[in-house]
Every structure is written in structure tokens, then in C-alpha cells.
Amino acid sequence: MTTSSTPPVAKKVPTERVHHGDTFVDDYEWLREKENPDVVTHLKAENAYMEEVTAHQEKLRQAIFDEIKNRTEETDLSVPARKKGWWYYTRTEEGKQYAIHCRTAAQDTGDLDADWTPPVVEPGVPVPGEQILIDGNTEAEGKPFFSLGGLAVTEDGNLLAYSEDNAGDERFTLRIKDLRTGTLLPDTVENVFYSLAFSPDGTRVFYTVVDDSWRPYQIKAHTLGTEVSDDVVIYQEDDVAMWTGFDLSADRKQLLIGISNSEYSEYRVLDFEDPAGEVRTLIPRSERILYEAEPVTLAGERHYLITHNKDALNSMLSLVAEADFALPLAEQHWNTVVAHDDAVRVNGAAVTKTHVIVSVRKDTTERVQVLPLEGLGTEMQGDPVEPAFDEELYTANLANAEFDSPIIRLSYTSYLTPPRVYDYVLATGELELRKETPVKGGYNPSEYVAERAWATADDGTKIPLSVLRRAELKQDGTNPALVYAYGSYEISMDPAFNVARLSLLDRGVLFVVAHIRGGGEMGRTWYDQGKKLQKKNTFTDFVAATDYIASSGWADPSRIAAMGGSAGGLLMGAVANLAPEKYKAIVAQVPFVDALTTILDPELPLSALEWEEWGNPITDPEVYQYMKEYTPYENVRAVDYPRIAAVTSFNDTRVLYVEPAKWVAKLREVTTGSEPIVMKIEMDGGHGGASGRYEAWKDRAWDYAFVLDALGATEPIAAPASQGSAGN
């Protein structure tokens with residue numbers, strides 16, 4: 001596509017950055033000045049250019065939006081989950097942007113089936129005894145942005161704590177609602193982060209505070225009815241490279257404070273019954289162990305289940321008596337619950353009063369295993385039971401496990417199966433399907449195929465790919481393809497159903513998820529081989545995946561696009577520099593494309609936390625040089641770049657808008673090609689874009705229309721199915 005429209009040209013204001021004897025001249029750093037009217041004017045000009053260049057895609061965008069809307073059960077409800085004397089659930093209503101959070105009373109008759117079978121709720125049918133906790137639509141009225149940060153209810157069910165963000169900058173306001181009267185208490189706390197929890201007695205609410213660089217560093221407690229200025233700091237973490245969070249133990253006896261980076265961690269615990277309020281350390285960070293802890297009482301004695309990587313690269317699960325933590329690590333006795341396995345990644349554990357639920361990853365797939373507490377960590381320990389499913393590529397997670405509950409709630413999905421909710425009876429192993437998310441519009445999973453393929457990296461490593469397509473596609477080398485990946489922070493791109501993706505598949509697009517190094521799909525080694533001084537593997541793996549698809553006979557090599565977001569946006573910038581000729585179009589969502597500049601400034605949001613992922617270029621000249629060799633912004637070169645869209649938000653606190661703004665300016669300056677390079681910036685959004693589900697659908701439709709237009713795949717390859725519901 002060529003265009004007669006004239007893109008905005010950012011002025012050049014040379015700024016020198018000097019590190020380790022290297023001088024980099026940055027002409028566009030001035031775009032960081034968020035309050036500068038010239039910056040705002042330039043960003044608005046970028047949006048105007050984007051709208052002009054992509055105006056012909058509006059009809060396609062509307063078609064995709066309509067397809068998403070027509071396939072979605074807009075008036076829908078989640079399966080109620082029980083906590084104490086209430087069933088909690090959310091519901092959505094047609095035409096409304098936000099979820100409505102509700103509950104209805106539970107019963108206790110002594111009959112397992114009666115007491116733990118969730119009430120039947122149907123779209124559009126009033127639920128007897130329903131109480132609305134928070135209606136997001138009401139809360140969002142008259143506000144440019146709305147997002148809930150956290151919800152917490154007291155153990156007695158009388159009070160609700162919730163937090164909301166009205167700017168998209170992930171700074172929330174905490175409020176307390178009396179659910180007996182519906183009135184708000186005067187207690188209001190500004191600038192809190194995501195986590196919220198009440199103390200078991202309901203007199204205090206715990207919350208997290210971020211520092212100036214957006215790092216969660218304080219855990220505070222607000223006592224209801226007191227001044228916010230009197231709130232107590234339970235814990236403060238001063239190491240700028242550590243992230244802090246908290247949770248309540250499953251038995252609600254302790255506050256668990258986790259301090260971590262990607263390589264080691266530390267847990268501190270506060271016993272609610274301790275009158276001194278002493279915060280105790282379990283395993284100090286000086287031991288350099290990456291671990292998580294969950295307390296459990298066995299035979300009246302306090303123990304901790306430790307998911308850890310001590311002598312276990314893929315992690316394992318051990319049981320440690322509380323008294324042992326007073327001893328030096330070498331003298332502690334750790335009993336094995338789940339042994340280390342090179343082929344199985346142990347991700348964590350949860351407990352009920354009778355069982356342990358372990359999350360593991362095997363053969364790239366996340367799954368759940370269940371163990372009884374009886375005999376745990378001894379020769380009498382039973383074998384784990386793993387609920388079985390009938391698909392090769394799927395994701396099974398623990399969705400809910402109340403401590404006193406005889407059942408646990410599991411979520412299940414795959415590329416072709418809409419999300420399912422199962423209840424698993426701990427005593428019998430019975431698995432009962434509670435719901436499968438309906439997909440309207442005649443969706444039939446047999447019309448689609450999801451397969452595993454393997455690409456070969458430059459160093460011989462086999463890279464798993466998930467390849468999705470319509471069943472009638474022929475392996476004749478003519479099909480368009482979109483390759484998607486992330487590849488950082490040990491985050492896995494797990495199989496999941498996506499209504500919007502059907503709009504791509506129905507237009508004959510081969511959708512490929514590349515499970516590249518830097519992610520967690522193949523265990524800890526997979527992650528380690530794609531971080532710090534091995535980060536380039538992430539980028540070359542993606543190119544290898546593209547080459548495989550181009551030569552597989554399924555795709556037309558001249559009709560391949562790429563997409564990724566955040567750290568996956570850095571990936572997009574890197575592959576644009578590495579192999580621009582291989583892609584017809586690239587969509588980089590909230591892209592981390594100026595990574596070196598960001599990480600060199602510890603005052604910028606979250607920069608110091610990145611050192612364990614990328615290395616520290618401030619102190620290490622080798623890391624500096626290595627990053628400079630791949631950071632997208634600094635490696636833009638005089639080549640024919642493909643069509644590129646950078647999608648961002650003005651109030652994003654994780655990847656600042658300035659990164660894609662600078663990158664787009666540099667690309668336009670240097671490219672020798674004629675394809676348009678555009679930036680779409682949401683002026684009222686955050687890292688996830690605009691708020692509200694319809695706005696999210698519009699965002700996805702925009703991204704997909706940009707790709708489909710470039711690939712010449714704007715029309716469905718089959719007539720739309722008749723309207724109606726269909727399941728698996």
C-alpha cells in the first residue's frame with residue numbers, strides 16, 4: 001500500500017547519552033516531555049495521520065467488531081464460587097461495557113451435593129436473592145477510564161473493599177462499602193496498587209503502595225475508622241530491583257509477604273494472633289533461592305510447602321517444619337513432596353484443609369495435580385492424581401480452592417474449546433462440568449484445526465509452534481499467515497480460546513503461536529536461554545519460526561505478518577531490523593522498543609526491576625554493548641521496512657508512550673521503503689488500552705484489520721454460519 005498522505009515529522013533535538021565510553025545521540029528523546037504542548041500536538045498529529053492512512057480499513061474493522069459481538073454472549077454470568085456463606089459471581093449485560101459483581105446466599109444442610117452445587121444462573125434471568133456488590137457500569141459513568149484493581153470481602157461477608165483507576169495509570173483509589181446498608185464508609189485511600197485483603201477479624205485492610213518508579217515497595221494496613229495518615233507500614237522493601245506483594249494464607253492465619261525478582265526471592269510472614277506483630281523471614285534472599293511458601297498445619301504442627309529451585313532448576317515441592325527455619329539452611333530438613341524432573345516445571349502449590357493442589361507444566365502444557373495432605377512428605381504419601389482431558393494442546397488451571405471446601409474449581413480451555421469451568425470433588429476425583437462459555441454464530445470446532453509443529457533454530461534447538469487454521473485450507477503455499485509471540489519473563493503463551501481470532505481464521509489466515517525461548521513453555525532452561533546475554537535467541541527463534549512457516553507449504557512466504565505486545569513489542573522491533581523482508585506487516589502493541597534508554601535510567605518506571613531479565617547495562621559494559629546490538633530503536637537501518645503499526649497509550653506506566661513515538665519517528669526518517677509506518681495512541685488508556693469490553697473489541701478489530709489489509713485477506717473464505725449457539 002502506498003499513500004499520498006504526509007506523515008508528521010518530529011523535530012530533532014539532539015541529546016547525548018554517554019555510558020561506558022560510548023556516546024549515543026538521540027534526536028527524539030524530547031518526546032518524553034509529557035507535559036510539553038509540542039509533544040501532545042505531535043501525538044495528535046500521529047493519530048490524525050494514522051486515521052487518514054487506515055481510513056479504508058474502517059469497513060473491515062466494523063465487520064470484525066460485529067463478528068466478535070455476534071459471537072459473544074453479551075448477557076452472561078460466571079459460575080458462582082462459594083466463599084463462606086455466599087456464592088459470588090459476575091455477570092455482563094448486553095450493551096454494557098463493564099462487569100457487574102454480585103452474590104447470593106449459600107446454604108449449609110450437611111448434604112455435600114446440595115451445599116456445594118452452585119446455583120443455576122441463566123443469562124437474563126434474575127437470580128433469587130441477588131445482591132450487587134459493584135456495578136462497573138454505574139461506577140464508570142462520566143469517567144474517561146475505569147478499571148477495578150482489587151476486590152476483597154471480610155470473612156463475615158459484611159464489608160467490601162475495592163479499588164478503581166480512572167486514568168489508566170494503575171494508581172487506584174481504595175474504598176470500603178458496608179454491604180448490609182450499601183453505604184460507603186468514610187475510609188478512602190489514594191494511590192494504592194492492585195492487591196487488597198482484609199484481616200480475618202475485618203478491622204484492617206491491607207494494600208500495596210508503589211514508589212516513584214512504579215515499583216510495589218510498601219505493604220500497609222489501614223484500620224477502619226482511623227485517619228489514613230496513621231496507616232501502618234507492615235513492610236517496606238528498599239532494594240530497587242525487588243518486587244513486593246502479599247497474600248493471606250489459605251487458612252487465613254498469616255499474612256504472606258513475597259519479595260522477589262526473576263532469580264531469587266524472600267518470604268516474610270506475619271501471624272495474625274501474634275500480639276507483637278513481628279514479621280519473620282523464612283529463607284533469606286542471601287541464599288539466592290527462588291521460592292514460594294504456603295503454610296499448612298499437619299498433626300497440629302505448623303509446616304510450610306515450599307516451591308523452590310534449590311538444586312532443582314525446574315523447581316520442586318518440599319515440606320519444611322516451621323521450627324527448621326530458625327536453623328542455618330544446611331541444617332534444615334526438607335521433605336520431598338514433588339521431586340525435581342527435567343521434563344516437568346513445578347509452578348506452585350495451593351492447599352485446602354485436606355489436599356494439596358500442584359500446578360505443573362509438562363509437554364508445554366499447564367495442568368493440575370492433586371495430593372492428599374495425609375502422609376504428605378513421608379513414605380505414606382499418595383500418588384498425585386491429574387484430571388484427564390482429551391485434547392493435546394490445552395490449559396488447565398486451578399481457579400478457586402477455598403480452604404474449607406470439599407471441592408476445587410478448575411478452569412479449562414484450548415485453542416478450539418471455549419473456556420470451561422469444572423468442579424473437582426477432592427474425596428472422589430469426580431470431575432463435573434459446570435459451564436462452557438457459549439459461542440454464538442454457529443461456531444463449530446470441527447471446522448478448525450490446532451496442531452503442533454517444530455521449527456529449528458540456528459543453533460539446532462527445536463522451537464515448538466502452535467498452528468491454527470480452518471480445516472479446509474490446502475497445503476498449497478498460497479495462504480496468508482500471522483506469527484505471534486512474546487518470549488520474555490518466563491511467561492508462556494498457553495493454549496486458550498479467543499473469539500476475535502476466529503475472524504482471522506475465517507479469512508483463511510494461518511495463525512501461528514511461536515513458543516520461543518525467553519518464555520516458559522519448555523521449563524526454566526527455556527527461559528534462561530532467552531534472557532540477559534542470551535536474549536538474541538528470542539529474536540532469532542522468531543525468525544526461524546517464520547522461515548519454517550514460509551517453507552512448510554502452508555503459507556505464502558510473501559504474505560506473512562507478525563504481531564506481539566509489550567516485551568513482545570520489543571520482539572517485533574528486533575525482527576523488523578533482523579529480517580524486514582520476511583514480513584508484509586508488523587503490529588507492535590505497547591512496544592518496549594527503546595529498552596536500553598529505559599533500563600539505563602533507574603528513575604524511570606520499573607527500570608531497576610528489569611535488571612534480572614535483561615542485565616544491568618549501567619554497571620556492566622558487556623550487557624550495555626549486547627543490548628545496544630539488539631535494542632530496536634538504536635538499530636533502525638536504511639532498509640525497506642514493511643508496513644508497521646505501533647499501538648500505545650498515553651498513560652501507560654509499564655511501557656511509556658515515548659518508546660513507540662521515538663521508534664516510529666526514527667523508522668520514518670531512515671526507511672528506504674514506501675510502506676506507511678503509523679502510530680495509534682489511546683489518549684485516555686493504560687497498558688491494556690482503553691477501558692470497557694467494547695473498546696477492547698474495537699482495539700482488537702483495528703489490529704486485525706491492519707494485518708488483514710496488508711495480507712490481502714479481507715474477505716471470509718466461507719459463507720458466514722447461521723446465527724445460533726454451538727458448543728463442542
Side-chain angles (χ1 to χ4, degrees), residues 77-90 101-121 127 129 131 133 150-162 179 195-202 205-206 246-256 272 292-298 303-305 348-359 368-374 376 385 387 396-412 420-435:
L77 302 96
S78 65
V79 179
R82 182 163 180 175
K83 178 180 179 181
K84 301 296 182 182
W86 298 88
W87 290 101
Y88 291 86
Y89 58 98
T90 60
H101 299 263
C102 312
R103 71 178 182 181
T104 189
Q107 60 179 354
D108 288 300
T109 66
D111 182 319
L112 175 66
D113 287 339
D115 294 348
W116 290 94
T117 297
V120 176
V121 291
V127 178
Q131 181 181 12
L133 307 179
L151 290 172
V153 179
T154 51
E155 293 291 298
D156 61 14
N158 289 336
L159 300 177
L160 168 74
Y162 69 97
L179 296 176
S195 299
L196 295 177
F198 278 106
S199 59
D201 63 6
V205 61
F206 300 99
F246 72 89
D247 206 347
L248 263 60
S249 61
D251 59 11
R252 298 300 189 260
K253 292 182 178 180
Q254 291 178 310
L255 183 72
L256 308 175
F272 289 125
E292 295 179 356
E294 180 64 52
V296 59
T297 300
L298 300 174
H303 293 73
Y304 288 85
L305 278 168
V351 299
T352 71
K353 64 181 180 181
T354 59
H355 287 76
V356 178
I357 303 96
V358 187
S359 171
V368 171
Q369 297 180 344
V370 181
L371 283 163
L373 281 181
E374 186 176 355
L376 196 71
V385 176
N397 291 314
L398 176 66
N400 187 47
E402 285 298 311
F403 185 71
D404 294 320
S405 173
I407 63 101
I408 59 174
R409 177 70 49 84
L410 302 179
S411 62
Y412 174 91
R420 290 176 175 173
V421 174
Y422 288 95
D423 277 348
Y424 179 87
V425 182
L426 292 167
T428 65
E430 179 186 0
L431 194 65
E432 184 165 354
L433 177 64
R434 295 299 187 192
K435 180 177 183 179

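Quick note: numbers below take in every heavy atom, side chains included, and nothing from hydrogens, waters or symmetry partners.
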Novice: Check the pair V351, V356 against side chain to side chain contact (heavy atoms under 4.5 Å, CB included), reporting the backbone distance first and the verdict last.
Specialist: CA-CA 5 Å; V351 299; V356 178; 4.2 Å; yes
Novice: Which heavy atom in I408 sits nearest to a heavy atom in T352, and how many Å separate them?
Specialist: CG2-CG2, 4.2 Å
Novice: Please answer whether the main-chain N or O of L159 pairs with a side-chain N or O of T154 as donor and acceptor at a distance below 3.5 Å.
Specialist: yes
Novice: Kindly compute the distance separating NE2 (H355) from CD1 (I357), expressed to the nearest 0.5 Å.
Specialist: 8.0 Å
Novice: Heavy atoms, side chains only, cut-off 4.5 Å: are L433 and R420 in contact?
Specialist: yes
Novice: Nearest 0.5 Å, what's the NE2-CD distance between H101 and Q131?
Specialist: 14.0 Å
Novice: Using a strict cut-off of less than 4.0 Å between a Lys/Arg side-chain nitrogen and an Asp/Glu carboxylate oxygen, indicate whether D251 and K353 qualify as a salt bridge.
Specialist: no
Novice: Out of curiosity, Y304 OH to T297 OG1, how far, rounded to the nearest 0.5 Å?
Specialist: 9.0 Å
Novice: Closer than 3.5 angstrom, by distance alone: can the side chain of S78 be matched with the main-chain N or O of T90 as a donor-acceptor pair?
Specialist: yes
Novice: Between R82 and D423, is there a salt bridge with N-O shorter than 4.0 Å?
Specialist: no
Novice: Spell out, as yes or no, whether a donor-acceptor pair under 3.5 Å connects the side chain of R409 to the backbone of P80.
Specialist: yes
Novice: Roughly how far, to the nearest 0.5 Å, is the CH2 atom of W86 from the CG atom of L133?
Specialist: 8.5 Å
Novice: Could you tell me which non-hydrogen atom of L248 sits nearest to which non-hydrogen atom of F198, and how far apart they are?
Specialist: CD2-O, 3.3 Å
Novice: Is there a side-chain contact between R103 and V153 in this structure, where contact means two heavy atoms from C-beta onward sitting under 4.5 Å apart?
Specialist: yes
Novice: Going through the distances and angles, do E430 and I407 end up as a side chain to side chain contact (heavy atoms under 4.5 Å, CB included)?
Specialist: CA-CA 9 Å; E430 179 186 0; I407 63 101; over 6 Å; no
Novice: Between D247 and L256, is there a donor-acceptor pair closer than 3.5 Å when you use the side chain of the first and the backbone of the second?
Specialist: no
Novice: If every non-hydrogen atom of T109 is compared with every non-hydrogen atom of A114, which pair is closest and at what distance?
Specialist: OG1-CB, 4.1 Å
Novice: Around Q107, counting heavy atoms of other residues, nucleotides and ligands shown, do more than 12 lie under 6.0 Å from its CD?
Specialist: yes
Novice: Tell me the closest heavy-atom pair linking Y162 and L151, and the distance in Å.
Specialist: CB-CD2, 3.4 Å
Novice: If you look at every heavy atom in P387 and L410, which pair is closest and at what distance?
Specialist: CG-CD1, 3.9 Å
Novice: To the nearest 0.5 Å, how far apart are OG in S199 and CZ in R252?
Specialist: 11.5 Å
Novice: Do K84 and D404 have side-chain heavy atoms sitting under 4.5 Å apart?
Specialist: yes
Novice: Quick one: does Y89's side chain get under 4.5 Å of V79's, heavy atoms only?
Specialist: no
Novice: Are side-chain heavy atoms of K253 and P295 found at a separation under 4.5 Å?
Specialist: no
Novice: Might you point out which heavy atoms bring L398 and A350 nearest each other, and give the distance in Å?
Specialist: CD2-CB, 3.6 Å
Novice: Would you check, one step at a time, whether the test side chain to side chain contact (heavy atoms under 4.5 Å, CB included) holds for Y424 with V385?
Specialist: CA-CA 11 Å; Y424 179 87; V385 176; 3.4 Å; yes
Novice: If we only count heavy atoms from C-beta on, is the V127 to C102 side-chain gap below 4.5 Å?
Specialist: no
Novice: Could you tell me the separation between the CG atom of L298 and the CG atom of L305, rounded to the nearest 0.5 Å?
Specialist: 7.5 Å
Novice: Is a side-chain N or O of E294 found less than 3.5 angstrom from the main chain of A250, in a donor-acceptor match?
Specialist: yes
Novice: Just by distance, do the side chain of S249 and the backbone of Q254 share a donor-acceptor pair under 3.5 Å?
Specialist: yes
Novice: Parallel, tilted or perpendicular, judged at 30° and 60°: which one describes the rings of W87 and W116?
Specialist: perpendicular
